[in-house]
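Structure first, commentary second.
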Amino acid sequence: MTDSAPFPRFPASALPDPEPGAESHVPARALPLGFLAQMNESQREAVETVEGPLLVLAGAGTGKTRVLTSRLAYLLVVGKARPGQVLAVTFTNKAAREMRERVSRLLGRPVEGWWVGTFHALAARILRAHAEIVGLRPDYTILDEDDQIRLLKQLIEARRLDEKRWPARALLGVIQRWKDRGLTPDRVSAAEGAGAADGRALDLYADYQERLKALNAADFGDLLLHNLEIFRAAPDVLARYQRQFRYILVDEYQDSNVSQYLWLRLLAQEHRNLCCVGDDDQSIYSWRGAEVGNILRFEKDFPGAKVVRLERNYRSTPHILAAASGLIAHNRGRLGKTLWTESDDDGEKIHITGVWDGEAEARTVCDRIESLHGRGHALNSMAILVRASFQTREFEERLVSLAIPYRVVGGVRFYERAEIRDAMAYLRLVNQPADDLAFERIVNVPKRGLGAASLQTIHVLARAEGAPLLAAARRLVETDELKPKARGALAGFVRDVERWRGLVGAVPHGELAGQILEESGYVAMLRADRSPDAPGRLDNLKELVAAMEEFGSLGGFLEHVALVMDRESGESEDKVSLMTLHGAKGLEFATVFLPGWEEGIFPHQRALDEGGEEALEEERRLAYVGLTRAKERAFVSYAANRRVYNQWQTALASRFVGELPEANVEHSAETGLYGRYGERDRGSRYRSGLSDGGANHGRAYVHDGLSALRAASRATASHASALDFAPGERVFHQKFGYGRVVSADGDRLDVDFEKAGRKRVLAGFVEAV
DNA sequence: CTCGGCAGAATTTTT
DNA sequence: TTCTGCCGAG
């Protein structure tokens with residue numbers, strides 16, 4: 001450690017530098033590498049290829065998590081790195097937690113001091129250590145969405161714009177997309193700046209960033225953005241992290257956005273041991289700034305990169321896998337994978353049901369659940385996956401009336417509840433008196449008679465003095481600006497906050513929180529509330545206080561809630577899961593119900609109206625994700641009529657229904673409303689369905705004929721066409737090896753491969769030899 | 001200042 | 001249907 005940058009947050013254990021290969025703790029012969037023995041060849045390759053950039057294309061159900069965790073364990077066991085030298089990045093807290101647990105289990109002991117977490121949590125940690133470089137203090141606040149909207153509304157108003165025409169929510173979306181792409185206000189191109197809200201969005205973005213700095217606050221996008229700025233402004237700091245992180249692992253790489261990509265690229269520069277795992281076919285978050293291009297471009301971005309494909313599926317039956325693959329083959333611009341599974345039994349076909357209306361659909365689905373349950377299938381093994389959260393309601397009603405236990409996964413999250421946010425605002429204000437957003441949120445909750453007028457007065461004074469609202473309020477109560485009633489109320493509020501503030505550190509903060517909620521009247525307000533959910537709110541507050549006790553400091557707790565608070569709700573109970581398709585990514589169930597496959601719902605109308613082909617493909621990927629959640633059976637359904645916002649609408653079955661290969665589906669035409677599906681547009685050339693003739697017994701191959709694998713990612717120079725090849729010509733294919741052309745059709749070739757047998761491939765993928 | 005009534009809008013949401 | 005925001009009455 002020769003350079004001198006301050007590095008306050010690092011435990012010493014994170015810093016040392018053992019030479020790679022200089023085994024520390026484990027004698028070579030006794031290396032506990034048993035977990036490698038249970039892996040297939042490509043999985044093992046993905047684990048053992050530790051030097052240099054590596055892209056692992058992991059299809060659905062191919063053992064991705066296992067590879068990730070084994071790879072981490074492997075790095076530690078063979079002494080390639082100490083825990084502190086490994087950076088493992090995920091998108092969700094759940095994934096991070098799982099990774100920790102599973103690696104510890106593989107190693108038989110807990111791992112201390114390694115950097116495993118979400119992009120945001122890791123970036124927050126780095127930002128905390130170097131906040132001053134970007135003009136923040138280390139105790140900066142992380143804003144939630146409520147705060148952001150409130151702030152933007154103020155800024156819109158300050159510029160005398162009509163909030164109706166430029167809704168804060170839409171503006172926030174624009175700003176976030178910029179942040180996702182690593183663009184600070186000064187980096188947004190003039191053309192683009194002018195394009196968004198008549199150029200006002202860019203001004204407001206600048207206003208917004210300025211306000212955040214003044215508030216000593218950062219939003220989620222800023223965490224990454226500030227990291228990039230730190231790395232730019234302080235090369236020595238960057239160099240230190242670059243040296244530290246010998247091995248970097250990234251999960252769900254297809255969901256990374258540009259700023260995350262830039263962040264990774266910088267950190268990986270020194271050792272170049274960057275391993276990204278992902279599946280372009282499961283990229284479903286582009287609307288949130290995820291950039292599929294990251295994964296498509298990987299080999300270009302990291303020259304010398306190796307690509308390992310995990311294509312053996314261990315999850316789904318052949319029918320399910322074939323149906324899903326046939327569907328996704330309708331997308332262009334894929335990296336392309338050939339998923340296969342080994343099984344003696346093709347399993348059940350996808351069950352497709354057309355019904356009269358949404359109610360009938362709920363009835364059908366829930367009856368099936370009941371019947372499966374009666375035959376010994378656990379409710380835990382079943383899930384209903386919907387496109388949009390409002391669709392859960394009909395199912396909930398039906399499940400309730402049948403007394404089938406269920407859980408809605410990913411509804412309103414714990415820390416998004418109003419009472420939790422209010423409590424948090426109290427704590428934030430006590431922790432950081434300059435937190436104006438917190439002040440505004442709770443100054444009149446519970447009602448203290450301090451309405452818009454009083455707040456306005458406080459604002460004016462605060463602006464004039466350049467002081468935080470709380471400080472302005474303190475001065476204001478010494479004057480006669482306010483009416484006596486408001487003045488008294490405000491004085492009381494300020495006094496309370498200061499008293500609580502004096503108790504920080506003196507009283508355990510769990511206790512302090514309880515005291516604040518009591519003395520502020522918040523608890524009393526809820527007790528007096530006769531509405532049915534008031535008791536639940538009180539329980540939530542109790543839970544919040546209990547959760548606090550585990551934390552060393554109030555500040556640490558606040559960061560935890562902002563970044564990682566998610567509540568695992570009794571996953572052990574036997575209940576049917578009800579969730580959106582987005583929420584289902586990464587999960588699996590024996591039985592999956594996929595209702596609402598109707599044009600306008602799925603694919604969603606917005607995708608059809610606005611997003612063009614790309615949006616439609618993302619919807620299709622979503623359908624693919626849904627299908628591939630199923631291990632044993634999948635039920636797709638669509639309704640002819642649906643009540644949307646209390647209005648009846650008729651609907652057509654989703655085009656995705658027709659895109660499922662006929663060989664893998666089974667229609668139970670319950671009402672005879674529709675003809676058979678799939679007559680249209682079911683080009684057999686798009687799929688080869690189940691089993692490759694008789695050549696591969698008990699084996700289901702699914703080809704993605706359309707996949708534009710390298711063709712797309714290379715953005716190819718040459719548009720090879722089948723005309724370039726003559727029958728009998730010898731060719732080489734990246735995946736299938738050497739073979740001889742049998743026939744040509746358009747841009748497709750039938751080739752007899754020496755190893756892989758007869759395949760139909762795109763001409764662009766083969767070269768003459 | 002607060003509350004009730006009414007109009008208008010309504011994806012997906014890892015952090 | 002359900003949530004939000006706005007306006008006028010008390």
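On a predicted model such as this, the values are computed, not experimentally measured, just so you know. Order of the sequence lines fixes the chain letters, A, B, ..., with proteins taken first and strands second; residue numbering starts at 1 for each chain. Just the heavy atoms: all of them, side chains too, but no hydrogens, waters or symmetry mates, feed the values below.
Distance from the side chain of A:His582 is smallest to B:dT13 among B:dT13, B:dT11, B:dT2. Side-chain atoms of A:Ser389 lie closest to B:dT12 of the nucleotides C:dG5, B:dT12, B:dC1. Of the listed nucleotides (B:dT12, B:dT15, B:dC1), B:dT15 has the atom at the smallest distance from the side chain of A:Arg288. Between B:dT11, B:dT15, C:dT1, one nucleotide has an atom nearer to the side chain of A:Arg393 than all others, and that is C:dT1.
Counting non-hydrogen atoms under 4.0 angstrom, A:Ala486 reaches nothing in the nucleic acid. As judged by a 4.0 angstrom heavy-atom cut-off over every strand, A:Leu223 is placed among residues making no nucleic acid contact. Among the atoms of the strands shown, none is found under 4.0 Å from any heavy atom of A:Thr90. Counting any heavy atom pair closer than 4.0 Å across all strands shown, A:Asn444 reaches sugar-phosphate atoms only and no base atom. A:Lys447 comes within 4.0 angstrom of sugar-phosphate atoms only, judged by non-hydrogen atoms across all strands, and of no base. Looking at heavy-atom distances under 4.0 Å, A:Arg643 makes no contact with the nucleic acid at all. Contacts of A:Lys179 with the nucleic acid, taken as non-hydrogen atoms under 4.0 Å apart, are absent.
For B:dC1, one of the phosphate oxygens OP1 or OP2 lies less than 4.0 angstrom from a side-chain nitrogen or oxygen of A:Ser454. Regarding contacts with the backbone of B:dC1, every side-chain N or O of A:Lys483 stays at 4.0 angstrom or more from both OP1 and OP2. Phosphate contact (OP1/OP2 of B:dT13, side-chain N/O of A:Thr580, threshold under 4.0 Å): present.
Per the geometry, CG belonging to A:Leu143 stands 17 Å off P belonging to B:dT15, to the nearest Å. Atom NE2 in A:His226 sits about 20 Å away from atom P in B:dT15, given to the nearest Å. Distance CZ (A:Arg642) to C1' (B:dA10): 16 Å, rounded to an integer number of Å. One can place OH of A:Tyr285 at 12 Å from C1' of B:dT11, the figure rounded to the nearest angstrom. A:Arg421 places its CZ atom 13 Å from the C1' atom of B:dT15, with the value rounded to the nearest Å. Residue A:Gln176 contributes atom CD, which lies 14 Å from atom C1' of B:dT12 at whole-angstrom precision. Summarising the geometry, the separation between CG on A:Leu490 and C1' on B:dC1 is reported as 15 Å, rounded to the nearest angstrom. Atom C1' of nucleotide B:dC1 and atom CZ of A:Arg487 are separated by 19 Å, given to the nearest angstrom.
Across the interface with DNA chain B, nearest-nucleotide mapping of A:Thr118 and A:Arg606 shows A:Arg606 to be the residue nearer the 5′ end. The nearest heavy atom of DNA chain B to A:Ala452 and to A:Glu619 marks one nucleotide each, and the one closer to the 5' end goes with A:Ala452.
Applying the 5.5 angstrom centroid cut-off and the 30 degree plane-angle cut-off, the aromatic ring of A:Trp287 is stacked upon the base of B:dT12. A stacking contact between A:His120 and B:dT15 is absent: the pair does not combine a ring-centre distance of less than 5.5 Å to the base's six-membered ring with planes differing by less than 30°.
In this structure, A:Arg643 does not pair ionically with A:Glu359, as no charged nitrogen and carboxylate oxygen lie closer than 4.0 Å. The pair A:Asp219-A:Lys179 meets the salt-bridge criterion, since a charged nitrogen lies less than 4.0 angstrom from a carboxylate oxygen.
A:Asp281 pairs with exactly one of A:Gln254, A:Arg621, A:Arg334 by the side-chain hydrogen bond (donor to acceptor under 3.5 Å, both in side chains) rule, that one being A:Arg334.
In this structure, A:Arg288 and A:Asp180 approach most closely via the heavy-atom pair O-OD2, 2.9 Å.
B:dT12: glycosidic angle beyond 90° from 0, hence anti.
The aromatic rings of A:Tyr241 and A:Phe245 sit parallel to each other, their planes meeting at less than 30°, with 60° as the upper class boundary. The aromatic rings of A:Tyr205 and A:Trp178 sit parallel to each other, their planes meeting at less than 30°, with 60° as the upper class boundary.
Residues A:Tyr285 and A:Trp287 place their aromatic rings such that the two centres sit under 6.0 Å apart.
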